[in-house]
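These figures come from a predicted structure and were not determined experimentally.
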Amino acid sequence: MPEQKLTAKDVAALLADPSAEARAGTAARLASEFQQGTLTESERSMVEDIFRIMVKDAELRVRMALAQNLKENPGVPQDVALSLARDVESVSLPILRFSEVLTDEDLIEIVHGRGAAKQVAIASRPSVSGAVSSALVDTGNEDAVTELVANDGAEISDESLHKVVTDFGDREPAQDAMINRPKLPLTVTERLVTMVSESMKEELAKRHELPEDLATDLILQSRERAVLSLSGGSGDDDLMKLIRQLRENGLLTPSIVLRSPCMGAFNFFDASVADLARLPPPHSTPPLPCSGPLSLTALSPPPALPD
């Protein structure tokens, strides 16, 4: 049996039905026809005009049916998608979470509207640009920021990640989300380790009645080992950023510098000594010229300075 097509006469009859249930059914049926892509150009134009009427329908269930059925349709007119996205949460959330029609400008405008649930929906989109992520982080909405950081499809700048650590680094949900991201900048990880260590320090002192200075020493050793382990697989540039950050925050201590070669972190040791001595980074030191065979004379120590 051939599939029944929705005709203009059918639409007129359905729209004439005063019941909200019938109008919601019309919305779902029209969206289904639109999704299949079998409409002619004139039919498509007619359906789009009907959508523009339905997004203003006073009955909530009509707009909900429309949003639910159009949420993943890339062919929806942009003005229709935006009208649904600006609607109440029961209408807007499916569109905000899934619609590819909405632009970054649309999403940022809605983020700035301070609707907490809408911000969470945007943070959970399959793909979130750096600009939208930055806007979400600036809201201070902990649920939205945690959802964003947990979203592998979200592009988040180093600056935004540092702000997340500053605002929520001491909160367990945000810590878990940060730790489970596929990759974090080394400087962000170091700050996160420090914050986790501070909470551990308080918990140790409280639970086991440790003296404050002993708890501090235990946590310092744990944090230093964690930082050195993190630095092991980092590139030269990331390593130097980490060392500068440690120095600027008073954390490039003799303890961590001397501990580094004991843990096999020789790159960290070389780079930290160079930084403290205000010397060029080890990787940027030009190699010694070698124009011929290496001789023992070339390796002999320089002559002693006169007394």
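- The environment of Glu248 atom CD is dense: over 12 non-hydrogen atoms of other residues, nucleotides or ligands sit within 6.0 angstrom.
- Residue pairs that meet the side chain to side chain donor-acceptor pair (under 3.5 Å) test with at least one member in residues 142-155, sequence neighbours left out, are Glu142-Arg171.
- With sequence neighbours excluded, no residue forms a salt bridge (charged side-chain N to carboxylate O under 4.0 Å, His left out) with Asp176.
- Between atom CD1 of residue Ile108 and atom CG of residue Leu102 there is a gap of 12.0 Å, rounded to the nearest 0.5 Å.
- Atom-to-atom distance recorded for Arg29:CZ and Asn69:CG is 13.0 Å, nearest 0.5 angstrom.
- Counting only heavy atoms from C-beta outward, the side chains of Ser134 and Ser160 approach each other to under 4.5 Å.
- By the side chain to side chain contact (heavy atoms under 4.5 Å, CB included) test, Ala24 pairs with Arg61, Val62, Ala65, sequence neighbours left out.
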### CA sep, side-chain torsions, deciding dist, call: Met178, Val188, side-chain contact (heavy atoms from CB on, under 4.5 Å)
CA-CA 9 Å; Met178 296 278 276; Val188 172; 3.6 Å; yes
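- Contacts of Glu72 classified as salt bridge (charged side-chain N to carboxylate O under 4.0 Å, His left out), with partners at least two apart in sequence or in another chain: none.
- Contacts of Asp167 classified as salt bridge (charged side-chain N to carboxylate O under 4.0 Å, His left out), with partners at least two apart in sequence or in another chain: Lys163.
- A donor atom on one side chain and an acceptor atom on the other are found under 3.5 Å apart for Thr40 and Ser42.
- Partners of Phe51 by ring pair (Phe, Tyr, Trp, His ring centres under 6.0 Å), not counting sequence neighbours, listed by chain and number: Phe34.
- In terms of hydrophobic clustering, with Ile, Leu, Val, Met, Phe, Trp and Tyr side chains grouped at heavy-atom distances under 4.5 Å, Val227 and Leu258 are assigned to different clusters.
- A single hydrophobic cluster is seen to contain both Val149 and Val128, as judged by linkage of ILVMFWY side chains at heavy-atom distances under 4.5 Å, directly or through other members.
- Taken to the nearest 0.5 Å, the CG atom of Asn249 stands 8.0 Å off from the CZ atom of Arg191.
- Counting heavy atoms from C-beta on, the side chains of His162 and Thr187 come closer than 4.5 Å.
- Taking CG of Leu93 as the reference point, atom NZ of Lys118 lies at 7.5 Å (rounded to 0.5 Å).
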Which donor-acceptor pairs under 3.5 Å do the side chains of residues 270-279 make with protein atoms, sequence neighbours left out?
{"residue": "Ser272", "atom": "OG", "partner": "Phe268", "partner atom": "O", "Å": "2.9"}
{"residue": "Ser272", "atom": "OG", "partner": "Phe269", "partner atom": "O", "Å": "3.0"}
{"residue": "Asp275", "atom": "OD1", "partner": "Arg247", "partner atom": "NH2", "Å": "3.3"}
{"residue": "Asp275", "atom": "OD2", "partner": "Arg247", "partner atom": "NE", "Å": "2.4"}
{"residue": "Arg278", "atom": "NH1", "partner": "Asp275", "partner atom": "O", "Å": "3.1"}

### Query
Could you walk me through whether Thr139 and His112 pass the side-chain contact (heavy atoms from CB on, under 4.5 Å) check?
CA-CA 7 Å; Thr139 64; His112 289 162; 5.6 Å; no
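- Residues satisfying the side chain to side chain contact (heavy atoms under 4.5 Å, CB included) criterion with Lys71, sequence neighbours excluded, are Gln68, Pro94, Ile95, Phe98.
- Side-chain heavy atoms closer than 4.5 Å link hydrophobic residues (I, L, V, M, F, W, Y) into clusters, and following such links, possibly through other members, connects Ile179 to Val164.
- Applying the side chain to side chain contact (heavy atoms under 4.5 Å, CB included) rule to Ser45 yields the partners Asp49; only residues at least two apart in sequence or on another chain are considered.
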What side-chain donor-acceptor pairs closer than 3.5 Å can you find for residues 74-87, not counting sequence neighbours?
{"residue": "Gln78", "atom": "NE2", "partner": "Asp106", "partner atom": "OD1", "Å": "3.3"}
{"residue": "Gln78", "atom": "NE2", "partner": "Asp106", "partner atom": "OD2", "Å": "2.4"}
{"residue": "Asp79", "atom": "OD1", "partner": "Arg52", "partner atom": "NH2", "Å": "3.3"}
{"residue": "Asp79", "atom": "OD2", "partner": "Arg52", "partner atom": "NE", "Å": "2.8"}
{"residue": "Ser83", "atom": "OG", "partner": "Asp79", "partner atom": "O", "Å": "3.0"}
{"residue": "Arg86", "atom": "NE", "partner": "Glu109", "partner atom": "OE2", "Å": "3.0"}
{"residue": "Arg86", "atom": "NH2", "partner": "Glu109", "partner atom": "OE1", "Å": "2.9"}
{"residue": "Arg86", "atom": "NH2", "partner": "Glu109", "partner atom": "OE2", "Å": "3.2"}
{"residue": "Asp87", "atom": "OD1", "partner": "Arg63", "partner atom": "NH2", "Å": "3.2"}
{"residue": "Asp87", "atom": "OD2", "partner": "Arg63", "partner atom": "NE", "Å": "2.6"}

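- For the pair Asn141 and Leu136, the minimum side-chain heavy-atom distance is 4.5 Å or more.
- The salt bridge (charged side-chain N to carboxylate O under 4.0 Å, His left out) check on Arg259 picks up Glu224, with sequence neighbours excluded.
- For the pair Thr189 (side chain) and Pro185 (backbone), a donor-acceptor distance under 3.5 Å is present.
- To the nearest 0.5 Å, atom CG of residue Leu66 and atom CZ of residue Arg23 are 12.5 Å apart.
- The distance from the CZ atom of Arg244 to the CG atom of Leu246 is 11.5 Å, given to the nearest 0.5 Å.
- The hydrophobic cluster containing Val111 does not contain Val120, counting ILVMFWY residues as joined when their side-chain heavy atoms lie under 4.5 angstrom apart, directly or transitively.
- The side-chain heavy atoms of Gln119 and Val145, taken from C-beta on, include no pair separated by under 4.5 Å.
- Partners of Ser90 according to the side chain to side chain contact (heavy atoms under 4.5 Å, CB included) rule, which considers only residues two or more places apart in sequence or in another chain, are Leu60, Met64, Val88.
- Contact of the Ile156 side chain with the Arg181 side chain is registered, since non-hydrogen atoms from C-beta on lie closer than 4.5 Å.
- Side-chain contact between Leu192 and Gln175 is present, with heavy atoms from C-beta onward closer than 4.5 Å.
- In this structure, Ser99 contributes its side chain and Leu96 its backbone to no donor-acceptor pair below 3.5 Å.
- Side-chain contact check for Thr26 versus Met54: some heavy-atom pair is nearer than 4.5 Å.
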